[in-house]
Amino acid sequence: MKRKLFGLILAASLAVTACSTTGGNVSATKDDSKVANETGSKGVSSAANKSSSSMAEDMANKSASAEEEKFPEFKTTDINGNEVTEKIFADKDITMVNVWGTFCGPCINEMPELQKIYESLPENANLIGIVADVPEGMKDGIDNAKYIEGQTGVKYTNLTLSDSLASFARRFYAVPSTIFVDKEGNIIGDLVMGADIDAYVKNLQKVLTDWKYEG
């Protein structure tokens, strides 16, 4: 059932680069492929009617620009149960934060490439994910996120959605959404909405001036 679901999600990713998060906090669990597929389909349909540029423009109208914001203090666990706080940013000059959903084909489809970026980063940079539809402690959602990690070869840290992260993550009404954070917790660079490897690399290179990505 898991492999069938994973194949359906990957197939759905071919037409668009982002999924709407308006379908609610329903993850693509191994026991309910019908719900997951319907949720993903709604997201694909919604995203197909709105370009990444228009989504970013709407986001800018709703909140302050990325350069004026700070990532909120938080405490959560990653999908392996390890506690993580905002201190994860402190030792790196830049951290790429990819907000994704287990129902989202474009999110899953880009994860092998994100792993390549992660492996290529110098010691002063990092990449983490936030699983926007998996609340902290939700076993089925965590098991599914782990399965997706295994299928895509991802080794970077993926955070579950604790109460202290939820209000921040809700602003991203489409996934994947990606921001960049410096060691002081400031959100820097450009918000990237949709799967856009070139935009990720461009933002990273603003800080990592000597880093070249050969992906």
Side-chain angles (χ1 to χ4, degrees), residues 17-18 52-53 55-56 59-60 62-101 106-108 110-132 134 136 145 149 152-162 164-172 174-215:
T17 63
S52 294
S53 60
M55 285 190 287
M59 183 69 74
K62 289 184 177 182
S63 63
S65 66
E67 288 80 5
E68 298 172 347
E69 292 191 71
K70 199 174 185 74
F71 202 98
E73 294 182 3
F74 69 91
K75 182 168 73 173
T76 191
T77 53
D78 65 21
I79 65 173
N80 295 310
N82 303 303
E83 185 176 287
V84 182
T85 72
E86 71 280 355
K87 293 179 181 178
I88 195 170
F89 303 125
D91 296 328
K92 306 297 180 182
D93 292 329
I94 186 169
T95 299
M96 176 176 160
V97 182
N98 178 254
V99 184
W100 64 284
C107 300
I108 296 169
E110 73 168 353
M111 288 172 75
E113 192 74 23
L114 296 185
Q115 176 62 25
K116 290 180 182 178
I117 291 175
Y118 173 69
E119 292 173 356
S120 76
L121 291 173
E123 290 186 1
N124 64 327
N126 195 15
L127 188 161
I128 65 173
I130 298 176
V131 196
V134 178
E136 187 177 20
E149 272 196 349
T152 57
V154 160
K155 303 297 183 184
Y156 53 82
T157 298
N158 277 289
L159 309 182
T160 61
L161 203 64
S162 65
S164 55
L165 271 177
S167 61
F168 180 77
R170 274 196 294 268
R171 72 178 61 193
F172 303 111
V175 290
S177 289
T178 303
I179 60 172
F180 302 84
V181 183
D182 69 16
K183 63 175 58 180
E184 281 79 39
N186 299 307
I187 299 174
I188 59 176
D190 300 319
L191 167 69
V192 181
M193 300 194 74
D196 190 339
I197 299 299
D198 289 342
Y200 304 154
V201 171
K202 181 179 178 181
N203 273 277
L204 288 166
Q205 287 177 334
K206 290 178 181 178
V207 173
L208 309 173
T209 54
D210 295 328
W211 174 69
K212 304 296 182 185
Y213 180 58
E214 305 294 340

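When reading the values below, keep in mind they use all heavy atoms of this one structure, side chains included, and skip hydrogens, waters and symmetry mates. Please read all numbers here as calculations on a predicted model, not as lab measurements.
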Heavy-atom closest contact ([X] atom, [Y] atom, distance):
{"X": "Leu161", "Y": "Ala169", "answer": "CD1-CB, 3.5 Å"}
{"X": "Ala132", "Y": "Val99", "answer": "CB-CG1, 3.8 Å"}
{"X": "Lys183", "Y": "Ala90", "answer": "CB-O, 3.4 Å"}
{"X": "Cys107", "Y": "Val175", "answer": "SG-C, 3.6 Å"}
{"X": "Pro72", "Y": "Phe168", "answer": "CD-CD1, 3.6 Å"}
{"X": "Tyr200", "Y": "Ala195", "answer": "OH-CA, 3.6 Å"}

Those residues that, when tested against Asn124, pass side-chain contact (heavy atoms from CB on, under 4.5 Å) (two or more places apart): Asp93, Pro122, Leu208
Just so I know, are the side chains of [X] and [Y] near enough to count as touching, which here means a heavy-atom distance under 4.5 Å?
{"X": "Ile117", "Y": "Leu204", "result": "yes"}
{"X": "Met111", "Y": "Trp100", "result": "yes"}
{"X": "Ile130", "Y": "Thr76", "result": "no"}
{"X": "Ile79", "Y": "Thr160", "result": "yes"}
{"X": "Tyr156", "Y": "Met96", "result": "no"}
{"X": "Thr95", "Y": "Phe71", "result": "no"}

Distance, nearest 0.5 Å, that separates [atom1] of [X] from [atom2] of [Y]:
{"X": "Ile188", "Y": "Lys206", "atom1": "CD1", "atom2": "NZ", "result": "9.0 Å"}
{"X": "Glu136", "Y": "Ser164", "atom1": "CD", "atom2": "OG", "result": "7.5 Å"}
{"X": "Gln205", "Y": "Lys212", "atom1": "CD", "atom2": "NZ", "result": "5.5 Å"}
{"X": "Tyr118", "Y": "Thr157", "atom1": "OH", "atom2": "OG1", "result": "6.0 Å"}
{"X": "Ile128", "Y": "Phe89", "atom1": "CD1", "atom2": "CZ", "result": "4.5 Å"}
{"X": "Leu159", "Y": "Asn82", "atom1": "CG", "atom2": "CG", "result": "10.5 Å"}

Answer yes or no: does atom [atom1] of [X] have more than 12 heavy-atom neighbours from other residues, nucleotides or ligands under 6.0 Å?
{"X": "Asn80", "atom1": "CG", "answer": "yes"}
{"X": "Lys75", "atom1": "NZ", "answer": "no"}
{"X": "Lys155", "atom1": "NZ", "answer": "no"}

Working for side chain to side chain contact (heavy atoms under 4.5 Å, CB included), residues Leu114 and Ile197: CA-CA 8 Å; Leu114 296 185; Ile197 299 299; 4.2 Å; yes
Main-chain N/O of Glu123 paired with Lys92 side-chain donor or acceptor, under 3.5 Å: yes
Side-chain donor or acceptor of Lys70 paired with backbone N/O of Glu184 under 3.5 Å: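 Side chain of Lys70 to backbone of Glu184: a pair is present.
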CA sep, side-chain torsions, deciding dist, call: Val207, Phe180, side chain to side chain contact (heavy atoms under 4.5 Å, CB included): CA-CA 10 Å; Val207 173; Phe180 302 84; over 6 Å; no
